[in-house]
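What you are looking at is a predicted structure, and each value in this text was computed from that prediction instead of being measured. In what follows, chains are A, B, ... by sequence order, proteins preceding strands, each numbered from 1.
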2 protein chains.
Amino acid sequence: MTIQQLKYIVALDEERHFAKAAEVCMVSQPGLTIQLKNLEEEIGIKIFDRAKVPLTPTVLGKEIINRARKILRETNEIRDFVVNEKNALEGELKIGVISTLSPYLIPLFIKVMKEITPKVHFIIKEANTGQLMHDVETGALDVAIMATPTGNKNLIEHPVFQEPFVAYLNKEHPMAKENFYEIQPGDKPMLLLLQNEYCYNAQLLDICGLKAPGPIKDQFSYDISSIETLKNLVRAELGFAIIPQLSTLNEKEKELFKPFKDPKPVREISFVVSDTFSKKLLLEKMNEAIWSCLPEAIKTNVSYRKIRWNDSPYFVDAISKV
Amino acid sequence: MTIQQLKYIVALDEERHFAKAAEVCMVSQPGLTIQLKNLEEEIGIKIFDRAKVPLTPTVLGKEIINRARKILRETNEIRDFVVNEKNALEGELKIGVISTLSPYLIPLFIKVMKEITPKVHFIIKEANTGQLMHDVETGALDVAIMATPTGNKNLIEHPVFQEPFVAYLNKEHPMAKENFYEIQPGDKPMLLLLQNEYCYNAQLLDICGLKAPGPIKDQFSYDISSIETLKNLVRAELGFAIIPQLSTLNEKEKELFKPFKDPKPVREISFVVSDTFSKKLLLEKMNEAIWSCLPEAIKTNVSYRKIRWNDSPYFVDAISKV
DNA sequence: TCATGATTATAATTTTAATTTATAAAGGTA
DNA sequence: TACCTTTATAAATTAAAATTATAATCATGA
């Protein structure tokens, strides 16, 4: 069965005349006759009764012709869909980006998008995981760029890339001289976490094989809201941190940023949209743009261990507080 | 766009590997690669991102693959539909036949159907138009063989053949010596009608260009329920009749059965079913059977004037009494 | 009833398109 | 660096669809 054959039977049903139908299809009459014959032989029944004047579809033929019509409509809809998507490369798009990624990716991203989709106006908001999910669900945001999977059935996730985590050690750390990092017995209480980012913390705890944050130090109560603050706390030798690799890009002194051993822990970064989101070609362009920004070390496929933040036991408790 | 190309992208989405997908489709890897390229060029977007490992559909690609899946499912359903229909050539079928056709067609019809569908048990009932329509709508009958169009939106009609009307004159009729019949000025009061067959009468009145039956004779009140009675009344010189051609088949003396001049008035005989009726191949076989019974004179396409009984003004009044 | 016109089917050939085999290119891996 | 895996490309082959020409069928009208 071919799409061409389906076109022929539909044309034949409309014209009820081989020569006219062939003309409509811009082929010769024998071409159409032969293809009808082929189709009828393949499915095993006569679709048209040639004895009747004018030519008439058989009872079964009518049913098959209607199904053919539907199939042809749907193939045309594929074309239309693509055309509509291309037309959708203008207008406004509200993007939310997880704060642990935003400062490192968005400046590069915006630069590229200005070139490939000059007619789209991007409105970008930085937020934490809980806010992003909420805003996509309510429609306040069109797209969130965040760590996945979310486990939220109302959201659709399109993975973009895998971002490895690296450890940021201070000079006093026992592994400060190694060229990779592995969790050490004394590390657990020293791991610095982010405030208001349960999801990020859940990932770190999973990496370190912990179920809950270490005991909070009495002396200080940190209100850490960004990776940059975290890095500064490490520099002040108040602990060590596990941070996403993109946040190390602009660092001059790379020695104390230690990659993990394979399989490296990574977080999956995805576009998260609602099921009604329709500008899929725009997502495609955004995907291209991000890949053109990524350093080779991240593009390259590595042996990794994907960290899921939403099935961490810590996260389950924490999310209820959000 | 070809069905083959759609199969390829679906296989590729399932395997995420060109060589494996090609194996599933039982073609070579370059064959699949080229067809994917052709399809992508035709619709104007990339469906798969080859840079990712493993191969991943683009955001738009996912949508197209899903549409392709649906189209492929529907093409398979065409095959399944035909197979199911072939399996449906057994069981029971309740047929109702209009009484002005039944005695002449059904004996021949049954004989043929016994040969072509030996496993189907036919239950045949003779009735008038109103009863047939009602029984098909309620499901008491599977198929009615009757004059159409009915104008009933709940019923589906599959025309089978056109049956010409002929006039049956008595020897005293002014046209008794002619070899065709045309309505004569004095004919109107002499036209014999059937009791309980509004539809049939409506057709006759339409043929004669009348809006209502002629004045009923005081002397007799005929309760005529069959074409055969009608013929006997003509023989008794109580009037003349217009009768369907199949009812003249077994008559020995053909002289007084007069065909009309072209365009001949005909009634359309159809299979009438409800929209849920599914044994369409069986209808097809019944259609074949009827055509094998019909005399050449009816099979042959003639210049005709189709008589619609349901938009006769007489019928509109009459049907409300049914 | 025989020639005619209209319509569909068939045959032979041509054209087009799909597929194959062989091989190159790209990118990761030991 | 050499090797392996995977996808792309080239050239040749095969298969399929389409075309032209013509035959068969059948109703029509002189």
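In this structure, CD1 of I3(A) is placed 15 Å from C1' of dA18(C), rounded to the nearest angstrom. When rounded to the nearest whole Å, the span between CZ of F18(B) and C1' of dA25(C) equals 15 Å. Counting to the nearest Å, the C1' atom of dT7(D) and the CG atom of L55(B) are 9 Å from each other. Per the geometry, NZ belonging to K37(A) stands 12 Å off C1' belonging to dT8(C), to the nearest Å. Atom pair L39(B):CG and dA18(C):P shows a separation of 11 Å (rounding to whole Å applied). Note: NE2 (H17(B)) to P (dA8(D)) measures 12 Å, nearest angstrom. One interatomic measurement links the two molecules: CH2 of W291(A) to P of dG27(C), which rounds to 12 Å at whole-angstrom precision. Rounded to whole angstrom, the span from the CZ atom of F48(A) across to the P atom of dT7(C) amounts to 16 Å.
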Does the protein touch nucleotides 11-26 of chain D at the base, only the backbone, or not at all? Give it as B, S and - per nucleotide, heavy atoms under 4.0 Å. ------SSBBB-----
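Put simply, the side chain of T58(B) gets close to the backbone of K46(B): a donor and an acceptor are under 3.5 Å apart. Between the side chain of E163(B) and the main chain of R267(B), no donor-acceptor pair closer than 3.5 Å is present.
Evaluation of the side-chain hydrogen bond (donor to acceptor under 3.5 Å, both in side chains) rule for T117(B) yields no partner, not counting sequence neighbours. In terms of the salt bridge (Lys or Arg N to Asp or Glu O under 4.0 Å) criterion, residue partners of E14(A) (sequence neighbours excluded) are, by chain and number, R69(A). Under the salt bridge (Lys or Arg N to Asp or Glu O under 4.0 Å) criterion, K111(B) pairs with no residue, sequence neighbours left out. Partners of E77(B) according to the side-chain hydrogen bond (donor to acceptor under 3.5 Å, both in side chains) rule, which considers only residues two or more places apart in sequence or in another chain, do not exist here. Not counting sequence neighbours, the partners of T33(B) by the side-chain hydrogen bond (donor to acceptor under 3.5 Å, both in side chains) test are Q29(B). Residues passing the side-chain hydrogen bond (donor to acceptor under 3.5 Å, both in side chains) test with Q5(B) are Q35(B), sequence neighbours excluded.
Within residues 59-74 of chain B, no residue has any heavy atom under 4.0 Å from DNA chain D.
Between dA8(D) and R50(B), a contact under 4.0 Å exists linking OP1 or OP2 to a side-chain N or O.
For the side-chain hydrogen bond (donor to acceptor under 3.5 Å, both in side chains) condition, no pair includes a residue of residues 285-294 of chain A, sequence neighbours left out.
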